[in-house]
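Encoded as structure tokens, the structure appears first; notes follow it.
FYI, the numbering just counts along the sequence from 1.
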Amino acid sequence: MKRRDFIKTSAAAGAALGLAPVLKSWVPQHNWENYNFGPGPEVKDRLYQGPIPSYDPEDYFGNEPEVQMYTMPGKQQINCFGAGLITYISGDYGAPKVAGESLETTIDKLFRYPLGTKMYIRPNWRHIQKKAGKLDFDDYWKITMDKSIEYGKRVGIRVMISNPDSLEDALPDFVLKKVPLDKLKGEWKGDPSQPRFQHEHYQPRYNDYLIGYFEEMQNLLADKYNGGPELELVDTHLYGFWGEGHAWPYEGHNFASKRDAEAALVKMYEIQNKAWTKVPLCTNVQPDHSGVGTSEIIDRTIRDHNWLRRDTILVDSESIEQLANRPSWCAAFVECAMTHGDAATAKVNAQGHPSGDNVIAHAKDVGANYYSLWSFHSICAENLEAYHKRFPTVLDDLAQNIGYRVRPSFIWHGQDKENKEFLAFGMTNDGIAGVPGVLRLTLFSDDKKVNISGCLDAGYPDVEGVRTAMMYLPDGVKWDSGQLKLKAEVEVKGQRYPVPFSCSEPLNPDGSLTLRRNNR
């Protein structure tokens, strides 16, 4: 929808945000385990997933299938969609700055940092748009997107409407001409050397101009990047500081009522969900400090098969409940700032654990798909390297376990009562999170005479148990001839991405596994 059309329609409806008169307004807190969020992502070409009984009175599959091949867990770092350590290019201060070094060199070093398989950039709105109707990116955005293609490392983004760490307003000037700012109630005291404590804080008024310009910006971004090779995820951009849905530690909000506040957030979320049809959105979970209806946005995020995130992990129990017990097909992104590895910032406790290792261990506890490699307000590759050099163990362990790590643990071969041969794959997940979507398995041969494909149920294999998937073989095909290969892909929002198996057995260059008998 065009900005002018939005404003016209909204005015005609007689309401600033043009919403239906009834909103859900509040989703009471609840336990998340086994909670009904509605059906998960659609599963196409569903494979038969067991059981495979072979004894009377249910011996449908003839003689007992035998394990002919197995795989062992691998420890290699994997770069696949829906998981990884995320190296930050920018957080709250805009472009990274290293004395005596060009911007491109600084960003290139961050891309080359080996533990990071994804990247992240969080610009102010004015950094990507200067005039209505067109995008105009600052250099650090353009360099980041170009290098994402060069290095094969996708990028997560969030565009900030309000950034307390910036002395300039996050909004572009053309928006500020139409949108009043309201001073927040209360005070925020802290270190005066930090920009956030050097100025007063305001929030824009979420009138129809702001929402209209916001929709235009989202559509322009989606026209350029939706479904492209650059983006991994898009953080939902909402009300408040950093776009996280709050203005902590200030009191309340600058809307006329809680109903109006939620109406704005719902509209902003719906605009983004409509625009980003091929890229998952990632919504911040935390208590609704400002009373603007974030519980409704979190609930919609899950029901729309989008994802969750949290900045910091040693926090309220409400957020831990949400992350740790989310549906298995919903990815979680944990953001925590890292120290630089030096004695002044490491904050080593009595047991010898630095604060960085502490938060990493707890990100594992909630089953994170993503974890931030972020040296906070001093972003550079050297700070990441310094921390890893001094405290390698916990970070290396996270790199080998983050997200989902799937493999065919057991491979059975058998014949049913009609002498039709089949293979059954006992799929396991050695990671700490479920599959963030639907896992597709394909059995194929390079000569294309075999090409059998189908999917597991959404979120499987989960981090516990074995999920069986069965495929019948074409007549005359010998499963162990060395010609058959098995590959995996994850399907998210209608897009497919290759998933290398996480096993110690050798893989082919495309991440597939050649089937060979090894259980003798």
Assign the ring pair Tyr497 / Phe81 to parallel, tilted or perpendicular, where the plane angle (0 to 90°) is split at 30° and 60°.
parallel

Are any side-chain N or O atoms of Arg405 and backbone N or O atoms of Gln400, one a donor and one an acceptor, separated by less than 3.5 Å?
yes

Decide if atom CD of Glu104 counts as having more than 12 heavy atoms of other residues, nucleotides or ligands within a radius under 6.0 Å.
no

Would a distance-only check, ignoring hydrogens and angles, find a side-chain to backbone donor-acceptor pair under 3.5 Å from Lys493 to Val279?
yes

Can you measure from OG (Ser90) to CD1 (Ile157) and round to the nearest 0.5 angstrom?
10.5 Å

Identify all side-chain donor-acceptor contacts of residues 115-128 below 3.5 Å with residues at least two apart in sequence or on another chain.
residue: Lys118; atom: NZ; partner: Asn79; partner atom: OD1; Å: 3.0
residue: Lys118; atom: NZ; partner: Cys80; partner atom: O; Å: 2.9
residue: Lys118; atom: NZ; partner: Ala83; partner atom: O; Å: 3.0
residue: Tyr120; atom: OH; partner: Arg122; partner atom: NH1; Å: 3.4
residue: Tyr120; atom: OH; partner: Asp235; partner atom: OD2; Å: 2.5
residue: Arg122; atom: NE; partner: Gly91; partner atom: O; Å: 3.3
residue: Arg122; atom: NE; partner: Asp92; partner atom: OD1; Å: 3.4
residue: Arg122; atom: NH1; partner: Glu335; partner atom: OE1; Å: 2.7
residue: Arg122; atom: NH2; partner: Asp92; partner atom: OD1; Å: 2.9
residue: Asn124; atom: OD1; partner: Asn163; partner atom: ND2; Å: 3.0
residue: Asn124; atom: ND2; partner: Ser166; partner atom: OG; Å: 3.4
residue: Trp125; atom: NE1; partner: Gln129; partner atom: OE1; Å: 2.9
residue: Arg126; atom: NE; partner: Asp169; partner atom: O; Å: 2.6
residue: Arg126; atom: NE; partner: Leu171; partner atom: O; Å: 3.3
residue: Arg126; atom: NH2; partner: Leu171; partner atom: O; Å: 2.9
residue: Arg126; atom: NH2; partner: Asp173; partner atom: OD1; Å: 2.9
residue: His127; atom: ND1; partner: Asn124; partner atom: N; Å: 3.3
residue: His127; atom: ND1; partner: Tyr140; partner atom: OH; Å: 2.7
residue: His127; atom: NE2; partner: Glu168; partner atom: OE2; Å: 3.4

Is there a side chain to side chain contact (heavy atoms under 4.5 Å, CB included) between Val234 and Leu221 once you walk through the steps?
CA-CA 11 Å; Val234 174; Leu221 277 175; over 6 Å; no

Pair Asp316 + Arg310: basic N to acidic O under 4.0 Å
yes

Please confirm whether Trp32 and Phe37 have ring centers closer than 6.0 angstrom.
yes

Could you report the tightest heavy-atom contact between Asn369 and Gly82, atom names first, then the distance?
ND2-O, 3.0 Å

Quick one about Thr294 and Gln286 (side-chain donor to acceptor, distance below 3.5 Å, no hydrogens or angles considered), yes or no?
no

Is a salt bridge present between Lys274 and Glu215, judged by a nitrogen-to-oxygen distance below 4.0 Å?
no

Is the closest side-chain heavy-atom distance between Arg158 and Arg309 below 4.5 Å?
yes

Between Arg300 and Glu296, is there a salt bridge with N-O shorter than 4.0 Å?
yes

Validation row, ring centre Tyr239 to ring centre His253 under 6.0 Å:
no

Give a yes-or-no answer on whether the side chains of Asn273 and Asn306 include a donor-acceptor pair shorter than 3.5 Å.
yes

Answer yes if the side chains of Ser102 and Thr105 hold a donor-acceptor pair under 3.5 Å, and no otherwise.
yes

Tyr370 and Cys282, any side-chain heavy atoms less than 4.5 Å apart
no

Minimum heavy-atom distance His201-Tyr250, with the two atoms named:
CD2-OH, 3.0 Å

Could you check whether the rings of His305 and Trp329 sit parallel, tilted or perpendicular, using 30° and 60° as the cut-offs?
perpendicular

Would a distance-only check, ignoring hydrogens and angles, find a side-chain to backbone donor-acceptor pair under 3.5 Å from Asn207 to Leu210?
yes

Do Lys147 and Ile143 come close enough that some side-chain heavy atom pair is under 4.5 Å?
yes

Criterion side chain to side chain contact (heavy atoms under 4.5 Å, CB included) on Leu308 and Ile298, from CA distance to verdict
CA-CA 8 Å; Leu308 302 175; Ile298 293 167; 4.2 Å; yes

First locate atom CZ of Phe111, then atom CD1 of Ile89, and finally report the distance between them rounded to the nearest 0.5 Å.
5.0 Å

Any side-chain heavy-atom pair from His353 and Asn358 closer than 4.5 angstrom?
no

Please report the shortest heavy-atom distance between Leu439 and Ala488, naming the atom on each side.
CD1-CB, 4.1 Å

NZ of Lys142: more than 12 outside heavy atoms within 6.0 angstrom?
yes

Atom of Ser328, atom of Ala458 and distance for their closest heavy-atom approach
OG-O, 4.2 Å

With a 3.5 Å distance limit and no angle check, can you tell me whether Lys109 reaches the backbone of Ala381 through a side-chain donor-acceptor pair?
no

Under 3.5 Å, is there a donor-acceptor pair between the Asp430 and Ser502 side chains?
no

Heavy atoms only: give me the nearest Ile313-Ala363 pair and the separation to one decimal.
CG1-N, 4.2 Å

Side-chain touch Lys267/Ile271, heavy atoms, less than 4.5 angstrom:
yes

Could you tell me which non-hydrogen atom of Ser319 sits nearest to which non-hydrogen atom of Val315, and how far apart they are?
CB-CG2, 4.3 Å

Is the shortest heavy-atom distance from the side chain of Leu85 to the side chain of Tyr113 under 4.5 Å?
no

Using only atom types and a distance under 3.5 Å, with no angle test, would you say the side chain of Asn226 pairs donor to acceptor with the backbone of Trp276?
no

Main-chain N/O of Ala433 paired with Asn429 side-chain donor or acceptor, under 3.5 Å:
yes

Quick one: does any side-chain atom of Gln198 pair with a main-chain N or O of Ser193 as donor and acceptor, under 3.5 Å?
yes

Just by distance, do the side chain of Glu216 and the backbone of Gly212 share a donor-acceptor pair under 3.5 Å?
no

Within the 3.5 Å criterion, strictly below it, is a donor on Ser148 or Glu230 matched to an acceptor on the partner's side chain?
no

Are more than 12 heavy atoms from other residues, nucleotides or ligands located less than 6.0 Å from atom NZ of Lys224?
no

Taking the six-membered ring for Trp, is the centroid-to-centroid distance between Phe376 and Trp374 below 6.0 Å?
yes

State the CH2-CG distance between Trp307 and Leu281, to the nearest 0.5 angstrom.
10.5 Å

To the nearest 0.5 Å, what is the distance between CD1 (Ile360) and CG (Asp357)?
5.5 Å

Is the backbone N or O of Lys97 less than 3.5 Å from a side-chain atom of Thr106, with the two atoms forming a donor-acceptor pair by type?
no

Are Trp242 and Asp311 side-chain neighbours, meaning at least one heavy-atom pair lies under 4.5 Å?
no

Out of curiosity, Thr393 OG1 to Leu398 CG, how far, rounded to the nearest 0.5 Å?
12.5 Å

Output, in order, the C-alpha distance, side-chain angles, deciding distance and verdict of side-chain hydrogen bond (donor to acceptor under 3.5 Å, both in side chains) for Tyr206 and Asn254.
CA-CA 9 Å; Tyr206 286 72; Asn254 65 327; over 6 Å; no

Would a 4.5 Å heavy-atom cut-off, applied to side chains only, mark Leu110 and Leu373 as touching?
no

Parallel under 30°, tilted from 30 to 60°, perpendicular over 60°: which one fits the rings of Phe241 and His246?
perpendicular

Straight-line distance of Asn325 CG to His30 NE2, nearest 0.5 Å
11.0 Å

